[in-house]
Amino acid sequence: MSPAEGWERLRDRFRGWVRGVLHERAPLAGRIVRARVWALWAALALLLLVALLMPRYRSSLGVYLSCYWILIIWFAAARTKTITWAGLARMFSIGWSGPG
């Protein structure tokens, strides 16, 4: 196995530091995780509220979701290597327009 590159050593050192901090401060880590979960649910509720009350944002949300769907398709096609890169390029040159 080849020796680790500089960025890999830095990544490993950073991960070790984070593990050490989280191990020393386990209650703090639990509170951070709970706060993040609550914040994500609040952001989802806010997104739904804005989409329901403001038609302009509702239409832009459709565009965002269509772009995200294309990203998922691209990722799946590239990771599974089920098609060639030329086939992938042809698939995205069609011009996906999303719902409606």
task = Group every Ile, Leu, Val, Met, Phe, Trp and Tyr by side-chain heavy-atom contacts under 4.5 Å, then state whether L71 and L65 land in the same group.
result = yes
message = Tell me the closest heavy-atom pair linking E8 and A4, and the distance in Å.
response = OE1-CA, 3.3 Å
message = Please determine whether residues V50 and L44 belong to a single hydrophobic cluster, defined as Ile, Leu, Val, Met, Phe, Trp and Tyr linked transitively by side-chain heavy-atom distances below 4.5 Å.
response = no
ask   = What distance do R58 atom CZ and L52 atom CG have between them, rounded to the nearest 0.5 Å?
value = 6.5 Å
key: Co-membership, hydrophobic cluster, residues I32 and W38, 4.5 Å side-chain   = no
ask   = Roughly how far, to the nearest 0.5 Å, is CZ of R11 from CD of E5?
value = 10.0 Å
ask   = Same cluster or not: are L40 and L47 linked, directly or through other Ile, Leu, Val, Met, Phe, Trp or Tyr residues, by side-chain heavy atoms under 4.5 angstrom apart?
value = no
query = How long is the span from the OG atom in S60 to the CE atom in M54, to the nearest 0.5 Å?
reply = 11.0 Å
key: Cluster link L46 to L61, ILVMFWY, side chain under 4.5 Å   = no
